[in-house]
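None of the values given here were measured: they were computed from a predicted structure.
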Amino acid sequence: MDQARYHLIFEGFKPGTNKTALGYTLKTDLALTDAQLADLMAERRTVLKDNLSKEEALKLGKSLTQSGLIIKAQALAVNQKNNQEDLRKHLMDGGIEQYFASKYKHAEDEFDTQLSLLVLAAFPVVCYLLLPLIGLMLLLPLISISIWSSQAGSAFIQLIIATLFFIPLIWLRPRPETIEGIDLDTDTEELMVSLSNEMAHFMGAPKFSRIVVVESPVLRVHQSPIQWLSNKATLELGLPVLEALNLQQFVGLLAMRMTPTASTFYNRTWGLFIQWYQALRGQYKPWALLLDNWVLPMHEHQYNRGLAIARDVVGHEESLRLSRIDKNFTQMNRDWPEFIGFCKTLRVQGTNWHQLVAKEASSVKNEDEIQALFRMEAPAIWALSTTTGYQKSFSRAENKPLFSMPGVRLWQQFQRYYPHQERFDSKLIKPVSLVPPLEAPKKKNALNSIILSKQAQDVRNAQRVKIENALQMHAKPKREKDVAKLIAKWRATSANFWPEDFQQHKAFPLAKALYLALQATQQFELWDIEDKLIDANKQSARDHKLVQLYKKWLTQIAPLPALPLIDGDYKKLTDQLALTAGSKDIANLSAHDIQSMYPYWLSFLTIYWTLIVGQVFAPKTLADEAGKAVSQ
């Protein structure tokens with residue numbers, strides 16, 4: 001069977017043809033869009049039908065020619081290429097433009113879908129435009145000096161009210177994600193750039209002003225506010241995705257990722273809303289979740305749109321495989337920023353990410369399949385000019401990871417940890433503010449996470465004042481507070497947050513030992529005072545104290561088991577943290593070494609503490625008090 005595909009291209013009318021009558025007949029028979037009909041009437045080159053088999057192209061082409069059109073068939077023979085270089089040459093010699101010569105015809109949305117998109121877009125419009133405009137109108141009269149001289153009190157109140165209208169804009173301002181990768185050079189990587197932008201043209205989606213290669217298994221489309229205004233976007237392209245998928249699967253998945261902003265209406269509504277929504281989710285996630293009744297159905301609608309587009313681009317069978325592949329990415333895309341932060345904090349790197357989709361990497365050859373675009377079973381990584389060059393660049397990055405483990409396993413460990421962190425964050429409870437109680441309180445008071453955090457900070461401030469006075473940092477010593485009383489008050493408040501059966505929990509003994517180590521690590525931060533702030537004769541005293549604290553800290557972490565989130569032959573926590581010392585003996589570090597390494601130890605132990613205390617806390621412990629932390 002001849003697997004070549006064809007576009008039927010209109011190039012003009014034969015002399016004597018009734019253009020108007022024939023044009024409107026073809027609009028109905030071929031389901032032409034208004035834009036295609038306009039091109040037809042203006043005798044501009046137009047794709048009337050795309051991706052036809054040879055038999056279909058001959059039959060329809062003959063019929064259209066007899067009706068009075070000048071028709072040309074362009075072959076799409078990529079599936080006949082049997083090596084990468086032939087395919088690359090064909091694509092760069094006009095093959096890409098052949099496949100995406102026409103615009104994709106998006107299905108008409110129902111009224112409720114359009115209304116939902118407009119309602120969602122109204123949230124950022126109110127925050128970013130309407131409220132600041134009202135605030136500006138209230139500020140304009142205050143420019144007059146006479147108002148301040150005659151009605152100073154009223155003017156001041158109006159100033160405060162006007163300022164309040166700018167708070168949503170400041171608090172929920174879009175924060176573009178920082179992508180740590182390598183920007184593709186347009187000239188060097190012409191194939192990838194052309195392919196991506198031709199896809200954007202085909203779908204009516206924003207073209208890419210940046211394509212960034214990263215070493216993580218992601219394929220994401222970002223928009224900054226400036227890019228949204230200029231109808232541009234950024235493509236985050238993971239090397240593992242290209243290693244796991246063939247070119248046809250990559251094109252289909254890329255089409256699905258571009259779908260949410262495909263068409264001007266979606267880009268202007270959903271594209272604007274998603275920036276506001278991500279800002280809200282980053283500031284206070286529970287408020288963002290209140291919109292789930294609108295957001296989740298829209299995500300489902302976007303997913304179905306993406307599958308429909310992928311079906312037209314790469315065929316039905318391939319779109320079904322992409323549906324299964326995409327499920328592996330769905331949750332990753334949602335929690336990816338938090339996952340990146342988790343990896344950076346622990347300095348752990350995922351490897352062999354292509355295993356995430358390896359089972360779906362091979363396509364089933366089916367001669368009866370309608371589409372066979374870019375049919376090449378080799379991984380799509382060959383579309384880049386120098387894969388090894390990108391890998392070397394990533395390996396030379398600063399702050400190299402201390403740990404590495406299979407990417408799928410690393411993601412599983414993050415999923416094990418993140419629900420604990422998310423539960424505390426949603427209730428504004430800082431895990432480091434929770435002190436293991438000596439005993440359960442006889443009568444529990446109302447939970448107040450703000451007071452808990454303040455009391456924890458009061459203890460730290462009081463300890464810092466004592467240290468500053470000991471180092472004679474002030475000409476007149478500061479007034480010292482009773483640290484013991486502050487700690488007792490803080491511990492009593494913290495006890496209200498712990499479940500009643502915390503002492504019976506199997507993880508509680510580890511939690512107590514771990515907190516002592518965490519508290520000692522926080523002391524390093526208190527004693528880490530710059531040399532220029534203290535006298536030279538006091539610097540040795542500070543260094544001596546740091547070393548003393550360090551020796552005590554080593555004895556506290558010695559019996560602790562290794563953090564279970566990191567795979568490897570690590571039995572003790574000391575074995576993991578010793579990697580930060582490199583070739584140095586961790587038991588004999590200088591004060592300078594301690595100052596440079598303790599921030600990582602503190603972050604590491606904070607994650608460990610959050611994991612353990614999260615296991616002690618039953619989910620209902622915090623869920624039953626939902627909303628109280630904020631209202632109080």
Check: Do Thr259 and Gln302 get their side chains close enough for a donor-acceptor pair, meaning under 3.5 Å?
Finding: no

Notebook entry, point to check: Near Gln283 CD, under 6.0 Å, is it more than 12 heavy atoms from other residues, nucleotides or ligands?
Noted result: yes

Margin query: Main chain of Gln227, side chain of Asn231: is a donor-acceptor contact present, judged purely on distance under 3.5 Å?
Written below: no

Check: Which pair of heavy atoms, one from Gly350 and one from Leu410, lies closest together, and at what distance?
Finding: N-CD2, 3.6 Å

Item checked: With sequence neighbours excluded, residues passing salt bridge (Lys or Arg N to Asp or Glu O under 4.0 Å) with Glu338 -> none

Margin query: With salt bridge (charged side-chain N to carboxylate O under 4.0 Å, His left out) as the criterion, how do Arg88 and Glu190 come out once you've worked through the C-alpha distance, each side chain's angles and the decisive distance to 0.1 Å?
Written below: CA-CA 10 Å; Arg88 180 189 293 273; Glu190 188 177 358; over 6 Å; no

Item checked: Ile607 side chain near Leu346 side chain, heavy-atom distance below 4.5 Å -> yes

Check: Side chain of Thr610, backbone of Thr606: donor and acceptor closer than 3.5 Å?
Finding: yes

Next item on the list: Would you check if Val214 and Glu180 make a side-chain contact, meaning some heavy-atom pair closer than 4.5 Å?
Entry: no

Margin query: Is there a side-chain contact between Ile96 and Leu191 in this structure, where contact means two heavy atoms from C-beta onward sitting under 4.5 Å apart?
Written below: yes

Item checked: Ala200 versus Pro206, closest heavy-atom pair with distance -> CB-O, 3.6 Å

Checklist line | Heavy-atom donor-acceptor pair, Arg173 side chain to Ile170 backbone, under 3.5 Å | finding: yes

Margin query: Run the side-chain contact (heavy atoms from CB on, under 4.5 Å) test on Glu11 and Ile71 for me, step by step, so that the C-alpha distance in whole Å, both residues' side-chain angles and the decisive distance to 0.1 Å come before the verdict.
Written below: CA-CA 6 Å; Glu11 295 191 335; Ile71 296 295; over 6 Å; no

Note to self: So that I can tick it off, tell me whether Lys207 and Glu198 are bridged by a salt bridge, with the cut-off set at under 4.0 angstrom between side-chain N and carboxylate O.
What the structure shows: no

Item checked: Residue pair Trp228 / Gln275, side-chain donor-acceptor N/O under 3.5 Å -> no

Check: With a 6.0 Å cut-off on ring centres, are Phe403 and Tyr570 close enough?
Finding: yes

Notebook entry, point to check: For the residue pair Pro240 and Ser216, what are the closest heavy atoms and their distance?
Noted result: CD-O, 3.5 Å

Notebook entry, point to check: CD of Gln412 to CE of Met405: how many Å apart, nearest 0.5 Å?
Noted result: 8.5 Å

Item checked: Worked verdict on Gln349 versus Ser404 for side-chain hydrogen bond (donor to acceptor under 3.5 Å, both in side chains) -> CA-CA 5 Å; Gln349 180 183 38; Ser404 63; 5.8 Å; no

Next item on the list: Salt-bridge test for Arg220 and Glu177: reply yes if a basic N is under 4.0 Å from a carboxylate O, no otherwise.
Entry: yes

Margin query: Given 3.5 Å as the limit, does a donor-acceptor pair link the side chain of His106 with the main chain of Gly204, or not?
Written below: no

Margin query: Around atom CD1 of Ile226, are there more than 12 heavy atoms from other residues, nucleotides or ligands closer than 6.0 Å?
Written below: no

Check: Hey, are the side chains of His301 and Thr113 touching, using non-hydrogen atoms and a 4.5 Å cut-off?
Finding: yes

Check: Taking Tyr104 for the side chain and Met199 for the main chain, is one N or O donor matched with an acceptor at less than 3.5 Å?
Finding: no

Check: Do the two ring centres, one from Phe604 and one from Tyr600, sit under 6.0 Å apart?
Finding: yes

Next item on the list: Could you tell me whether the side chain of Leu120 reaches within less than 4.5 Å of the side chain of Thr269, counting heavy atoms only?
Entry: no

Check: Can you name the nearest heavy-atom pair linking Ser116 to Met298, along with the distance?
Finding: CB-CE, 3.9 Å

Item checked: CA sep, side-chain torsions, deciding dist, call: Thr261, Ile274, side-chain contact (heavy atoms from CB on, under 4.5 Å) -> CA-CA 10 Å; Thr261 54; Ile274 204 65; over 6 Å; no

Next item on the list: Consider only side-chain N and O atoms of Gln223 and Thr234, and report whether a donor and an acceptor are under 3.5 Å apart.
Entry: no

Notebook entry, point to check: Is any side-chain heavy atom of Phe10 less than 4.5 Å from a side-chain heavy atom of Leu64?
Noted result: no

Checklist line | Residue pair Gln413, Asp567: steps toward the side-chain contact (heavy atoms from CB on, under 4.5 Å) verdict | finding: CA-CA 9 Å; Gln413 293 290 59; Asp567 293 348; 3.7 Å; yes

Notebook entry, point to check: Between Met192 and Phe250, is any pair of side-chain heavy atoms under 4.5 Å apart?
Noted result: yes

Margin query: Between Leu322 and Val314, is the side-chain contact (heavy atoms from CB on, under 4.5 Å) condition met? List the steps.
Written below: CA-CA 10 Å; Leu322 285 175; Val314 298; 4.0 Å; yes

Notebook entry, point to check: Closest approach of Pro297 and Asp292, non-hydrogen atoms and distance?
Noted result: CD-O, 3.4 Å

Note to self: Using only atom types and a distance under 3.5 Å, with no angle test, would you say the side chain of Lys584 pairs donor to acceptor with the backbone of Leu589?
What the structure shows: no

Next item on the list: Taking all non-hydrogen atoms of both residues into account, name the closest pair between Val241 and Pro217 and its distance.
Entry: CG2-C, 3.7 Å

Next item on the list: Quick one: list whatever passes side-chain hydrogen bond (donor to acceptor under 3.5 Å, both in side chains) with Lys105, sequence neighbours left out.
Entry: none

Note to self: Under the ring-ring contact (aromatic ring centres under 6.0 Å, His included) test against Trp411, which residue among Phe342, Phe339, Tyr418 passes?
What the structure shows: Phe339

Margin query: Just by distance, no angles: are the side chains of Gln421 and Tyr417 close enough, under 3.5 Å, to form a donor-acceptor pair?
Written below: yes

Check: Rounded to the nearest 0.5 Å, how far apart are OG of Ser263 and NZ of Lys103?
Finding: 10.5 Å

Item checked: Pairwise distance CZ(Arg210) to CG(Leu237) - rounded to 0.5 angstrom -> 12.5 Å

Note to self: Is any side-chain heavy atom of Trp382 closer than 4.5 Å to one of Leu247?
What the structure shows: yes

Item checked: CZ on Phe208 to CD on Glu236, rounded to 0.5 Å -> 11.5 Å

Checklist line | Sidechain-backbone polar pair: Arg257 side chain, Leu219 backbone, donor-acceptor under 3.5 Å | finding: yes

Check: Using 4.0 Å as the upper bound for N to carboxylate O, is an ion pair formed by Arg321 and Asp326?
Finding: no

Notebook entry, point to check: What distance separates Tyr128 OH from Phe123 CZ, expressed to the nearest 0.5 Å?
Noted result: 12.5 Å

Check: Between Ser196 (side chain) and Val193 (backbone), is there a donor-acceptor pair under 3.5 Å?
Finding: no

Margin query: To the nearest 0.5 Å, what is the distance between CD1 on Ile325 and CE on Met256?
Written below: 9.5 Å

Item checked: Any donor-acceptor N/O pair, Thr580 side chain to Leu577 backbone, under 3.5 Å -> yes

Notebook entry, point to check: Would Trp270 and His299 count as a close aromatic pair, with their ring centres under 6.0 Å?
Noted result: yes

